[in-house]
There are 2 protein chains.
Amino acid sequence: MKTIRLSIVGFGVVGQGLAELVASKQELLRQQFDLEVALVSVANARHGFIYRENGLDIPLLLELAAQRRPLTEHPGVVGWAQPLDGLLATGDDVLAEATGTNLRDAEPGMSHIRGALMHGIHVITANKGPIALAAHELMGLAKQRNLQLRMESTVMAGTPVISTLREGVAGASVRSIRGILNGTTNYILSAMASGRDYADVLAEAQAQGYAEADPTADVEGYDAVAKILILAALVFGQTLRPDQVVRQGITHVTRDQMLQALREGKRIKLIGSLFFNENEQLQARVEPITLPEQEVLAQIEGVMNALTFEADTLSQVTIVGPGAGRLQTGQGLLADLIAVSRTIA
Amino acid sequence: MKTIRLSIVGFGVVGQGLAELVASKQELLRQQFDLEVALVSVANARHGFIYRENGLDIPLLLELAAQRRPLTEHPGVVGWAQPLDGLLATGDDVLAEATGTNLRDAEPGMSHIRGALMHGIHVITANKGPIALAAHELMGLAKQRNLQLRMESTVMAGTPVISTLREGVAGASVRSIRGILNGTTNYILSAMASGRDYADVLAEAQAQGYAEADPTADVEGYDAVAKILILAALVFGQTLRPDQVVRQGITHVTRDQMLQALREGKRIKLIGSLFFNENEQLQARVEPITLPEQEVLAQIEGVMNALTFEADTLSQVTIVGPGAGRLQTGQGLLADLIAVSRTIA
């Protein structure tokens with residue numbers, strides 16, 4: 001039996017989702033993967049980094065988090081104010097970085113991931129910022145230190161698109177990607193296709209928790225841009241800046257445009273795309289596109305996401321699945337954790 | 001740089017497809033995976049097993065195969081009449097087993113795979129027979145000897161469904177699977193949906209090479225049954241016999257039924273499925289099913305395949321892609337080969 005000492009830094013929805021799976025999947029991990037995962041440390045922005053040598057009580061942690069009580073109330077823990085100090089002091093095997101995405105400078109995730117890798121700790125992350133802005137540096141650092149850095153959940157949550165592109169079709173040359181990479185905007189556009197106005201649907205999505213109070217990151221396409229940057233780096237080996245992605249959100253899509261498209265047997269979707277132009281330069285775009293309804297992407301409704309890629313050996317492959325959610329995102333981290341465990345002797 | 005000494009046993013369409021990729025992807029394998037693949041031996045049923053210590057000339061082999069000339073015309077080779085004798089004598093690293101599928105006793109693939117594993121050789125295979133009939137034995141043998149046995153191409157060619165189910169969503173509990181797992185029947189049903197008769201479309205599919213002269217394996221559902229057996233074993237850990245799969249082919253689907261379904265906004269597809277009944281017993285079926293057109297599976301046309309699964313942590317995930325073809329199947333073997341190389345020190 002292999003044992004992995006896991007640290008979760010960032011204990012919001014995603015970090016809690018992973019913790020919940022680590023607890024509920026204990027038996028499965030032992031039986032299927034001969035793997036014991038001990039959650040030994042957890043950090044959030046409010047209460048710093050806590051550590052317990054023999055493992056933390058996950059149900060208790062989830063309870064404390066739900067009640068917004070300090071994680072330091074967990075008995076028998078030692079603490080550090082800064083997650084990175086705690087990580088380096090305790091020497092865990094794997095860091096699950098799950099702090100919030102920041103597309104300006106990727107902090108604090110960037111420092112956590114860089115620091116962990118520099119100190120021999122494998123990293124799995126759901127944080128889009130560091131991978132979108134610095135995949136090249138971080139992947140290089142991991143390779144240099146012979147460590148794993150995995151990020152399944154940064155694109156389409158636990159729906160396995162990153163592992164498919166990097167491992168499932170290893171050896172194929174991917175030529176283009178396009179996808180519905182943001183569930184909030186797809187929910188809004190799907191609802192508008194039934195004849196409703198943007199503002200109405202947005203308000204409803206906010207009420208149901210599918211859209212945030214400030215919906216800018218979603219409806220202006222910034223979230224999809226982050227995912228396109230990640231795919232550009234991981235699949236095409238190219239580091240693009242956010243301003244190199246041609247970006248148009250959905251705020252100017254009108255009900256009339258939606259209905260006109262429907263009458264023509266078409267659908268308007270917010271599509272992120274990566275493809276080569278005639279000069280073999282990689283083009284990156286996020287924009288509303290009118291698709292014929294026979295295309296699989298046109299059929300993706302509500303909060304579901306989908307990604308289509310073309311490769312030299314495979315014509316076209318499409319993956320459809322959830323793109324967000326507590327357990328869905330936790331699942332991506334769990335798969336990453338299992339993949340890391342396979343590389344540990 | 002890692003070097004893998006590869007043997008391809010079975011040098012028909014699939015084996016040749018892999019050889020072609022090994023040749024054309026040399027540079028990519030070096031750059032992306034730090035991997036050198038030397039094709040040192042090849043066998044077919046006509047000419048036995050040939051071996052060349054310093055690697056075979058792949059373009060020459062493909063030329064000999066295309067002209068149906070004996071592979072032994074390749075200069076500087078030593079030969080064995082039986083592939084297994086050659087394999088064991090030469091001690092290659094990886095066997096690519098690509099002989100034809102036989103669902104009665106899985107031979108000769110079964111003996112090749114078993115023999116290779118018993119002698120310390122990793123195996124990748126596109127041959128459905130041994131995995132459909134004996135996955136449990138063969139996976140156990142591989143595990144015992146600490147060897148890899150991979151079979152991406154046995155279901156949906158190189159479209160990565162096996163790696164997705166086993167690795168991409170590792171940790172998730174898959175609850176059900178359904179899929180369009182045979183391109184020939186989907187091509188026929190798609191064409192019938194435009195108002196044509198089964199017999200007409202079958203004749204056309206045969207003329208175009210999408211259906212074989214004896215189409216029984218496809219149109220009666222046996223090929224899909226093999227894939228359902230493989231998924232039952234790999235995903236649910238259950239060894240089923242072919243006669244435990246409820247099977248109905250497409251030969252009795254009429255044009256009138258197709259058109260009736262269309263009028264109701266539905267499509268008839270040959271669906272392979274695995275799910276648990278109310279007594280938690282795994283049910284396996286292959287049969288024509290009428291699907292509402294909003295379902296992604298209903299939209300899959302022509303020779304494309306698709307598989308949908310439900311998992312506890314992911315709701316529903318669907319993968320759409322090619323299910324056959326020389327390079328498409330070779331791609332699955334190539335991805336398997338790269339995965340094996342990652343486990344070799």
Side-chain angles (χ1 to χ4, degrees), chain A residues 17 21-22 24-25 28-29 32-33 35 152 156-165 167-173 237 293-296 298-301 304 306 308-309 311-322 325 327-339 341-343, chain B residues 17 21-22 24-25 28-29 32-33 35 152 156-165 167-173 237 293-296 298-301 304 306 308-309 311-322 325 327-339 341-343:
Chain A
L21 290 179
V22 165
S24 66
K25 299 270 182 183
L28 179 148
L29 292 174
Q32 282 188 24
F33 304 100
L35 180 64
E152 184 62 71
M156 287 176 63
T159 303
V161 299
I162 304 274
S163 58
T164 293
L165 286 161
E167 292 150 17
V169 301
S173 295
E293 67 184 352
Q294 302 90 293
E295 280 200 32
V296 174
Q299 305 288 336
I300 308 304
E301 301 286 357
M304 291 297 266
T308 295
F309 65 89
D312 57 346
T313 51
L314 280 173
S315 67
Q316 206 175 66
V317 172
T318 300
I319 306 164
V320 183
L327 293 185
Q328 289 84 346
T329 310
Q331 167 60 45
L333 288 164
L334 181 65
D336 281 344
L337 184 63
I338 292 167
S341 79
R342 291 187 162 121
T343 69
Chain B
L21 290 178
V22 165
S24 66
K25 299 269 181 185
L28 179 148
L29 293 174
Q32 283 187 25
F33 303 100
L35 179 64
E152 184 61 72
M156 286 175 64
T159 303
V161 299
I162 304 274
S163 58
T164 293
L165 286 161
E167 292 149 16
V169 302
S173 295
E293 65 185 353
Q294 301 91 294
E295 280 200 33
V296 174
Q299 305 288 336
I300 308 304
E301 300 287 358
M304 291 296 266
T308 295
F309 65 89
D312 57 347
T313 52
L314 280 174
S315 66
Q316 206 174 65
V317 172
T318 299
I319 305 164
V320 183
L327 293 185
Q328 290 83 346
T329 309
Q331 168 59 44
L333 288 164
L334 181 65
D336 281 345
L337 184 63
I338 293 167
S341 79
R342 291 186 161 120
T343 70

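Chain A is the first sequence line, chain B the second, and so forth, proteins listed ahead of strands; every chain is numbered from 1.
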Query raised in the report: In terms of heavy-atom pairs under 4.5 Å, which option from Gly332(B), Ala306(B), Gly168(B) contacts chain A the most?
Result: Gly168(B)

**Report entry** chain B contact via Thr329(A) - side chain, backbone, both or neither, heavy atoms under 4.5 Å
**Finding:** neither

**Report entry** chain B contact via Leu28(A) - side chain, backbone, both or neither, heavy atoms under 4.5 Å
**Finding:** side chain

Report task. Name the member of Leu314(B), Ile319(B), Leu327(B) that forms the most heavy-atom pairs with chain A at distances under 4.5 Å. Result -> Leu314(B)

Report task. Sort out for me which of Met304(A), Arg342(A), Glu295(A) touches chain B most, counting heavy-atom pairs under 4.5 Å. Result -> Arg342(A)

Query raised in the report: Is there a side-chain contact between Lys25(A) and Ser173(B) (heavy atoms, below 4.5 Å)?
Result: yes

Query raised in the report: If we only count heavy atoms from C-beta on, is the Gln328(A) to Thr313(B) side-chain gap below 4.5 Å?
Result: no

Query raised in the report: Val296(B) versus chain A, heavy atoms under 4.5 Å apart: side chain, backbone, both or neither?
Result: side chain

Report summary line: Scored by heavy-atom pairs under 4.5 Å with chain A, the best of Ala170(B), Ala335(B), Gly158(B) is Ala170(B)

Report task. Please test Thr164(A) against Thr164(B) for side-chain contact (heavy atoms from CB on, under 4.5 Å), starting from the C-alpha separation and ending with a verdict. Result -> CA-CA 7 Å; Thr164(A) 293; Thr164(B) 293; 3.7 Å; yes

Query raised in the report: Leu35(A) versus chain B, heavy atoms under 4.5 Å apart: side chain, backbone, both or neither?
Result: neither

Query raised in the report: So which part of Ala339(B) gets closer than 4.5 Å to some heavy atom of chain A, the side chain, the backbone, both or neither?
Result: neither

Query raised in the report: If you take all heavy atoms of Gly171(A) and Leu334(B), which pair is closest and at what distance?
Result: CA-CD2, 3.8 Å

Query - Contact leader toward chain B among Gln32(A), Glu152(A), Glu167(A), where contacts are heavy-atom pairs under 4.5 Å - result: Glu167(A)

Query raised in the report: Side chain, backbone, both or neither: which part of Leu337(B) has a non-hydrogen atom closer than 4.5 Å to chain A?
Result: neither

Query raised in the report: Which bit of Thr343(B) is near chain A, if near means a heavy-atom gap under 4.5 Å: side chain, backbone, both or neither?
Result: neither

Query raised in the report: So which part of Asp336(B) gets closer than 4.5 Å to some heavy atom of chain A, the side chain, the backbone, both or neither?
Result: neither

Requested in this report: Let me know if Ser163(B) has heavy atoms under 4.5 Å from chain A in its side chain, its backbone, both or neither.
Outcome: side chain

